[in-house]
Protein chains: 4
Amino acid sequence: MDIHKVKPAPGRPRSQQAMEAVLTAVRQLLQTTAYKELTMEGIAKAAGVGKPTLYRWWPNIASIVMDVMRQQAHHDVGVPDTGSLESDLLLYIGDTCRSLTQGAGGIMRSLMAEAQFDDGFAQIFRESFISSRRAMLIALLQRGAARGELQKDADLELLADLCYGPIWYRLLNGHASLDEPFVQAITAHIIMRG
Amino acid sequence: MDIHKVKPAPGRPRSQQAMEAVLTAVRQLLQTTAYKELTMEGIAKAAGVGKPTLYRWWPNIASIVMDVMRQQAHHDVGVPDTGSLESDLLLYIGDTCRSLTQGAGGIMRSLMAEAQFDDGFAQIFRESFISSRRAMLIALLQRGAARGELQKDADLELLADLCYGPIWYRLLNGHASLDEPFVQAITAHIIMRG
Amino acid sequence: MDIHKVKPAPGRPRSQQAMEAVLTAVRQLLQTTAYKELTMEGIAKAAGVGKPTLYRWWPNIASIVMDVMRQQAHHDVGVPDTGSLESDLLLYIGDTCRSLTQGAGGIMRSLMAEAQFDDGFAQIFRESFISSRRAMLIALLQRGAARGELQKDADLELLADLCYGPIWYRLLNGHASLDEPFVQAITAHIIMRG
Amino acid sequence: MDIHKVKPAPGRPRSQQAMEAVLTAVRQLLQTTAYKELTMEGIAKAAGVGKPTLYRWWPNIASIVMDVMRQQAHHDVGVPDTGSLESDLLLYIGDTCRSLTQGAGGIMRSLMAEAQFDDGFAQIFRESFISSRRAMLIALLQRGAARGELQKDADLELLADLCYGPIWYRLLNGHASLDEPFVQAITAHIIMRG
DNA sequence: TCGTAAACGAGACGGTACGTCACGTCTTTCG
DNA sequence: CGAAAGACGTGACGTACCGTCTCGTTTACGA
């Protein structure tokens with residue numbers, strides 16, 4: 001236990017409230033407004049926060065929204081480990097598609113779009129979402145490969161692309177749905193090919 | 001022989017010059033400027049055209065850029081017909097990836113991103129690019145299937161997703177390149193699976 | 001002694017500089033440009049001020065110009081009190097006509113014209129200029145009446161119209177000048193009639 | 001007598017219909033719209049006439065409106081000749097004020113305002129309205145003077161200013177009405193002073 | 001009875017200025 | 001002395017009209 005008091009920083013303390021108010025406000029705004037309608041001005045007003053405060057913590061809207069998404073990201077899609085690659089894939093891809101279909105899809109599309117315009121954001125987005133998800137999938141595949149459920153020389157990176165590619169492609173273009181047959185087809189495809 | 005006279009529209013006819021000046025100006029601007037830096041004001045000024053003229057013919061920047069892209073779209077990627085599905089795919093996917101790698105990629109990324117924000121544009125974009133390209137690929141696959149190079153019950157739509165999905169996924173995320181090995185891998189994948 | 005503290009408004013205070021820059025810029029612009037040539041854009045640029053700042057404080061150009069005029073209005077025409085109505089009138093009407101002849105005339109014509117188109121501005125214009133000037137003249141007439149230099153039942157409002165009416169009429173139509181003989185004639189007229 | 005035939009201009013003659021359609025349309029527009037709301041585009045559309053046709057015959061809106069006014073100008077105010085200056089003035093000034101009160105006032109205010117901005121229009125306006133009306137009043141005064149109802153050396157120009165000045169002044173500022181007492185006061189004033 | 005030429009309607013053109021919006025920064029006061 | 005509040009300069013937005021131009025059509029004279 002620490003008897004010494006923490007020397008308080010001089011000046012007005014940082015408002016913990018402010019940060020959370022922002023995230024909460026954005027979460028609510030996103031339920032009635034499209035991502036593209038969000039403005040720094042609007043968020044500041046909705047959160048009861050000054051614009052400079054916003055800029056002190058986040059460089060742009062995409063970053064705020066990404067923090068919001070991150071808050072609830074891991075709730076949606078876990079990494080199964082059933083002992084069978086096929087079951088694992090069915091669960092993992094299924095969860096992913098369900099999450100995207102049930103509301104997260106719209107925002108993810110927006111963030112992916114934003115990443116095409118803003119390099120700084122792109123980097124964070126890819127690290128936070130894309131790469132982290134890819135890593136999970138690849139770990140899952142690796143377990144399968146170790147069990148001999150894939151060919152020894154299977155290119156797991158490519159398999160990940162063959163999994164996530166069609167998902168994003170359908171999500172972004174909306175020409176077909178991310179339904180159960182799709183999940184099964186993708187899974188079957190990976191198993192057979194790998 | 002056509003007896004019916006074409007009723008000409010009254011009023012001053014649309015200036016061919018103006019349209020082309022705009023497209024040319026945008027093409028040039030895009031060589032020195034990012035898509036996101038384009039503004040209607042800037043385009044109007046660069047093209048020596050009034051802003052209202054711009055708005056008369058295009059609702060937004062994305063539409064102008066898409067017209068630019070459409071102008072040169074068919075030059076880049078043709079539809080091969082070698083008699084072998086594998087050769088066809090290698091050529092078609094190869095051309096596609098080369099085109100995207102050699103300059104069109106950045107703009108296509110921007111247009112895809114724009115389509116996530118603007119429903120009206122999304123529809124045109126998907127019809128002009130996505131669907132038309134998918135249709136070509138599917139026709140190519142169909143010829144292969146007719147020759148027995150694919151299973152009889154192969155889901156060609158899904159195969160198209162398995163082809164374009166990874167391409168777009170890599171293009172949008174930049175985590176891997178659209179190089180020759182990738183083209184071969186995708187091709188091999190489709191052939192084996194189909 | 002004032003115990004009550006004035007509660008200062010939060011946030012950045014209104015920039016005194018900006019306001020004065022605008023008024024100064026307009027004053028200078030008016031020396032080389034006709035009132036009708038003024039544009040909000042031009043004023044903003046000349047004053048080194050943002051357009052929104054202009055609109056924050058003034059609804060239109062006429063209001064800005066009126067503020068400019070108000071700044072120097074009282075310098076030109078004072079209210080004499082010589083003890084003689086005739087002398088007072090000669091001085092007052094003379095000053096008025098000289099002021100209008102020497103530069104203020106053009107702008108006053110423009111403001112009067114603007115007041116015919118914009119009701120909101122008309123009200124402010126009449127209160128700021130017309131009524132305040134009429135009040136001064138009437139006060140002057142009242143002193144004369146109190147000294148018995150006018151008939152007891154003289155209608156001072158009408159006399160004010162008979163004074164200002166011809167002045168504005170000549171100013172607006174330019175068919176005759178506001179010279180010394182005119183001043184004397186108007187004065188003589190009011191004295192004799194009243 | 002002229003033997004030479006007038007060489008008719010070749011080509012399609014000016015359309016009488018078009019001109020009248022314009023004037024009629026403007027007259028109607030002015031009943032529901034303020035003068036300042038009129039636009040060349042709107043007039044052309046309302047009259048079913050091309051914009052170039054408008055510009056062929058009138059340089060600006062004020063000129064069109066003035067033609068409308070001129071059409072019905074002489075109906076409202078005639079020049080009485082009762083043999084008595086006082087009666088003449090009461091009738092003439094009375095008619096003038098009634099005309100202005102009953103609808104012409106608003107448009108006349110607008111035209112006077114327009115004349116402050118546009119020198120070309122100002123000249124025509126003053127010749128068409130102001131001077132012609134002044135001339136009538138002065139003729140009327142001259143008859144009275146010839147009958148000895150005014151002083152021999154009376155300055156009729158000044159008297160005209162003393163008559164029209166207050167009328168316009170009240171019309172433009174709206175601080176008092178152009179009612180019968182006003183007419184009588186002005187008349188009495190001129191008679192006594194002259 | 002036709003060809004010619006001017007005026008017509010329509011409407012697109014290059015422009016200018018509008019009034020608004022959001023940006024990201026700057027300058028206060030308050031806690 | 002940092003957070004909040006909000007005014008600031010900037011610059012693009014999309015719109016409204018401007019006055020001009022270029023069409024194909026209509027009309028009435030003169031050859």
Side-chain angles (χ1 to χ4, degrees), chain A residues 8-15 17-19 38-45 47-57 59-61, chain B residues 7-19 21 37-45 47-57 59-61, chain C residues 7-15 17-19 21 38-45 47-57 59-61, chain D residues 7-15 17-19 21 38-45 47-57 59-61:
Chain A
R12 182 172 178 171
R14 269 184 189 176
S15 162
Q17 274 185 312
M19 264 199 65
L38 294 179
T39 64
M40 284 298 216
E41 309 240 350
I43 293 170
K45 180 144 294 184
V49 145
K51 257 199 296 177
T53 302
L54 242 46
Y55 282 103
R56 215 183 328 269
W57 301 99
N60 50 49
I61 292 174
Chain B
K7 179 75 165 294
R12 178 175 178 171
R14 174 170 176 179
S15 161
Q16 198 70 14
Q17 268 189 316
M19 260 200 66
E37 314 279 78
L38 293 179
T39 65
M40 284 297 216
E41 307 240 352
I43 293 171
K45 181 144 294 183
V49 145
K51 243 197 307 175
T53 299
L54 242 46
Y55 282 103
R56 222 190 315 274
W57 303 114
N60 50 49
I61 292 175
Chain C
K7 179 76 164 292
R12 180 174 177 173
R14 175 170 175 180
S15 161
Q17 270 188 314
M19 261 200 66
L38 294 179
T39 64
M40 283 298 215
E41 307 239 351
I43 293 170
K45 180 144 294 183
V49 145
K51 245 198 306 174
T53 299
L54 243 45
Y55 283 103
R56 218 186 324 267
W57 304 113
N60 50 50
I61 293 175
Chain D
K7 178 78 162 292
R12 177 175 179 173
R14 173 171 175 179
S15 160
Q17 271 188 313
M19 261 199 67
L38 294 179
T39 65
M40 284 297 216
E41 307 241 351
I43 293 171
K45 180 143 292 184
V49 144
K51 251 200 300 178
T53 301
L54 242 46
Y55 282 103
R56 219 187 319 273
W57 303 112
N60 50 49
I61 293 174

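In what follows, every chain begins at residue 1, and chains take the letters A, B, ... in the order their sequences are listed.
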With rounding to the nearest 0.5 Å, note down the distance linking CG in L54(D) to CE in M40(D). 5.0 Å

Could you tell me which residues satisfy side chain to side chain donor-acceptor pair (under 3.5 Å) with E41(C), sequence neighbours excluded, listed by chain and number? K51(C)

Separation of I61(C) CD1 from I43(C) CD1 (nearest 0.5 Å): 5.0 Å

Let me know the distance between CE of M19(C) and P of dG9(F), rounded to the nearest Å. 13 Å

For the atom pair CG (N60(D)) and CG (L38(D)), what is the distance rounded to the nearest 0.5 Å? 12.0 Å

For every nucleotide of nucleotides 14-19 of chain E, 5' to 3': is a protein heavy atom under 4.0 Å from its base (B), only from its sugar-phosphate (S), or from neither (-)? SBBSBB

Tell me the interatomic distance from L54(B), atom CG, to dA12(F), atom C1', rounded to whole angstroms. 13 Å

Got a second to check how far T53(A)'s OG1 is from M19(A)'s CE, nearest 0.5 Å? 11.5 Å

Provide, to the nearest angstrom, the distance between the CD1 atom belonging to I43(D) and the C1' atom belonging to dC18(F). 13 Å

Quick check: closest heavy atoms across A44(B) and G50(B), and the distance to 0.1 Å? CB-C, 4.3 Å

Counting only side-chain N and O atoms of W57(A), is one of them less than 4.0 Å from OP1 or OP2 of dG2(F)? no

